[in-house]
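Contents: one structure, followed by commentary.
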Protein chains: 2
Amino acid sequence: MTYGVAFTALADPTRRAVFERLGSGPKPVAEIARGMAVSRPAVSQHLKVLKAAGLVSDHPEGTRRIYTIDPQGLRALRDWLDRFWDEALENFRVEAEAKTEKDRS
Amino acid sequence: MTYGVAFTALADPTRRAVFERLGSGPKPVAEIARGMAVSRPAVSQHLKVLKAAGLVSDHPEGTRRIYTIDPQGLRALRDWLDRFWDEALENFRVEAEAKTEKDRS
DNA sequence: ACTTACAGTTAGATATGACTTACGGAGTTG
DNA sequence: CAACTCCGTAAGTCATATCTAACTGTAAGT
């Protein structure tokens with residue numbers, strides 16, 4: 001059930017952009033917001049959502065807060081995904097077979 | 001970039017419920033909507049979004065349309081996820097190391 | 001042909017969510 | 001302690017998405 005917040009969090013393009021910026025390593029808020037289309041407070045709000053989803057974690061460092069990608073949220077997504085992956089392939093295979101069978105008749 | 005629509009599609013709880021109902025195999029719309037909190041037209045709208053995201057595919061069967069999970073959309077999500085997975089673990093490891101290092105001092 | 005079953009579409013109301021501006025708090029430096 | 005930096009929060013506005021209700025279209029049965 002916890003994968004729900006993760007999907008919701010990563011649905012917004014701006015929020016995905018925030019998350020993806022952490023792909024190159026931990027960063028303070030100001031550096032994340034640098035050059036983005038939205039204001040810094042907006043980035044803070046997005047980080048709050050990402051944190052609630054377990055996608056990022058933070059720790060203070062002087063007057064700044066350093067944000068890092070958290071495996072926890074990604075793990076939830078990955079587990080959910082795996083539940084459907086094999087099944088999706090199986091469905092696809094059966095579908096394709098039924099189609100070629102039909103073409104033959 | 002195509003993983004964006006997939007995330008957006010799976011963000012809505014109702015839409016995820018629709019998608020997950022296809023986990024037990026292909027189904028017509030009426031059967032998907034059976035016992036759900038929303039109306040059948042709502043389910044149709046959700047299926048439309050899921051189809052646009054490449055998460056489901058459909059084919060007519062008499063007066064009914066059978067929907068099936070499509071691996072395509074899941075593939076996009078999986079690829080995106082893998083780009084961050086290893087990195088997240090590495091960041092987490094470094095973070096944990098820095099923490100224990102700090103505790104020792 | 002008429003009726004019934006099943007599903008997609010449209011229009012409109014409502015709700016949810018993202019953004020900016022302004023402010024407050026916590027830490028650091030002089 | 002005063003000024004400065006960095007960041008989170010609150011209030012308010014605006015846009016977008018979801019829902020229901022009514023309608024249309026299509027296929028099958030009588």
Side-chain angles (χ1 to χ4, degrees), chain A residues 1 3-22 25-70 73 95 102, chain B residues 1 3-22 25-70 73 95 102:
Chain A
M1 189 66 88
Y3 58 86
V5 286
F7 272 120
T8 305
L10 293 172
D12 184 66
T14 305
R15 198 153 44 220
R16 266 202 315 277
V18 169
F19 181 77
E20 291 174 358
R21 288 211 172 192
L22 293 176
K27 290 176 183 39
V29 178
E31 187 174 340
I32 300 173
R34 184 196 319 274
M36 291 222 340
V38 298
S39 67
R40 185 200 50 78
V43 172
S44 272
Q45 292 172 344
H46 285 308
L47 285 169
K48 186 179 182 179
V49 176
L50 290 171
K51 185 179 177 182
L55 287 164
V56 303
S57 58
D58 64 326
H59 69 95
E61 194 160 300
T63 140
R64 302 181 285 190
R65 294 197 78 84
I66 309 298
Y67 281 86
T68 313
I69 289 183
D70 187 349
E95 200 72 19
K102 197 171 189 180
Chain B
M1 189 66 87
Y3 58 87
V5 288
F7 273 120
T8 305
L10 293 171
D12 184 66
T14 306
R15 197 152 45 218
R16 265 203 316 277
V18 169
F19 181 77
E20 289 174 359
R21 289 212 170 192
L22 293 176
K27 289 176 183 38
V29 177
E31 188 174 341
I32 299 173
R34 183 194 319 274
M36 291 222 339
V38 299
S39 66
R40 187 201 47 79
V43 173
S44 272
Q45 293 172 344
H46 285 307
L47 286 169
K48 186 178 182 178
V49 176
L50 291 171
K51 185 178 176 182
L55 287 163
V56 303
S57 59
D58 65 326
H59 69 95
E61 193 158 301
T63 139
R64 303 182 285 191
R65 294 197 78 83
I66 309 298
Y67 281 85
T68 313
I69 289 183
D70 187 349
E95 199 72 17
K102 195 172 190 179

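Numbered from 1 within each chain, the chains take letters A, B, ... in sequence-line order. Owing to the predicted nature of the structure, the values given are computational and were not obtained by experimental measurement.
Rounding to whole angstrom units, CG of residue Leu47(A) and P of dC19(C) are separated by 12 Å. Separating the CZ atom of Arg15(B) from the C1' atom of dT16(D) is a distance of 12 Å, rounded to the nearest angstrom. dC6(C) atom P lies 14 Å from atom CD1 of Ile32(B), rounded to whole Å. Between Met36(A) atom CE and dT20(C) atom P the separation is 9 Å, expressed in whole Å. Atom P of nucleotide dG8(D) and atom NZ of Lys48(A) are separated by 10 Å, given to the nearest angstrom. Rounded to an integer number of Å, the gap from CG of Leu50(A) to P of dG17(C) is 15 Å. The CZ-C1' distance, from Arg34(B) to dA5(C), rounds to 13 Å in whole Å. Here the P atom of nucleotide dT5(D) and the CZ atom of Arg64(A) are 13 Å apart, to the nearest Å.
Not one side-chain nitrogen or oxygen of Ser39(B) sits closer than 4.0 Å to the OP1 or OP2 atom of dC19(D). Residue Tyr67(A) places at least one side-chain N or O closer than 4.0 Å to OP1 or OP2 of dG8(D). Thr14(A) has a side-chain polar atom (N or O) that falls below the 4.0 Å cut-off from OP1 or OP2 of dC19(C). A close approach under 4.0 Å does occur between a side-chain nitrogen or oxygen of His46(A) and OP1 or OP2 of dC19(C).
Within the 3.5 Å criterion, the main-chain N or O of Ala11(B) finds a donor-acceptor partner in the side chain of Arg16(B). Formation of a donor-acceptor pair under 3.5 Å by the Arg40(B) side chain with backbone atoms of Ala33(B) is not found in this model. Counting only distance, with no hydrogens or angles, the side chain of Arg15(A) and the backbone of His46(A) share no donor-acceptor pair below 3.5 Å.
Taking 3.5 Å as the limit, the base of dG8(D) and the side chain of Arg40(A) contain a donor-acceptor pair of atoms between them.
Here the closest non-hydrogen pair linking Leu10(A) and Phe7(B) is O-CB, 3.6 Å. In terms of heavy atoms, Arg21(B) sits closest to Arg34(B) at NH1-O, 2.7 Å.
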Leu50(A) and Leu22(A): CA distance, side-chain angles, deciding distance, side chain to side chain contact (heavy atoms under 4.5 Å, CB included) verdict
CA-CA 12 Å; Leu50(A) 290 171; Leu22(A) 293 176; 5.7 Å; no
Can you give me the N/O atom pairs linking the protein to nucleotides 28-30 of chain C at distances under 3.5 Å, or say none if there are none?
none

Using the 3.5 Å cut-off, write out each protein N or O paired with an N or O of nucleotides 11-15 of chain D and the distance between them.
none

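Judged by closest nucleotide on DNA chain C, Val43(B) is the one of Ala42(A) and Val43(B) placed further toward the 5' end.
Within the nucleic acid shown, Ala37(B) comes within 4.0 Å of sugar-phosphate atoms alone, with no base atom in reach, counting heavy atoms only.
Counting only heavy atoms from C-beta outward, the side chains of Val49(A) and Asp12(A) never approach each other to under 4.5 Å.
Of the inter-residue distances, the one linking Leu47(A) atom CG with Phe19(A) atom CZ reads 11.0 Å to the nearest 0.5 angstrom.
Test Val29(B), Val18(B), Val43(B) against Tyr67(B) for side chain to side chain contact (heavy atoms under 4.5 Å, CB included) and you get one pass: Val29(B).
Distances were taken from every side-chain heavy atom of Pro41(B) (C-beta onward) to each of dT20(C), dA21(D), dT18(D); the shortest belongs to dA21(D).
Annotation for Arg64(A): atom CZ does not count as buried by contact number, only 12 or fewer foreign heavy atoms lying within 6.0 Å.
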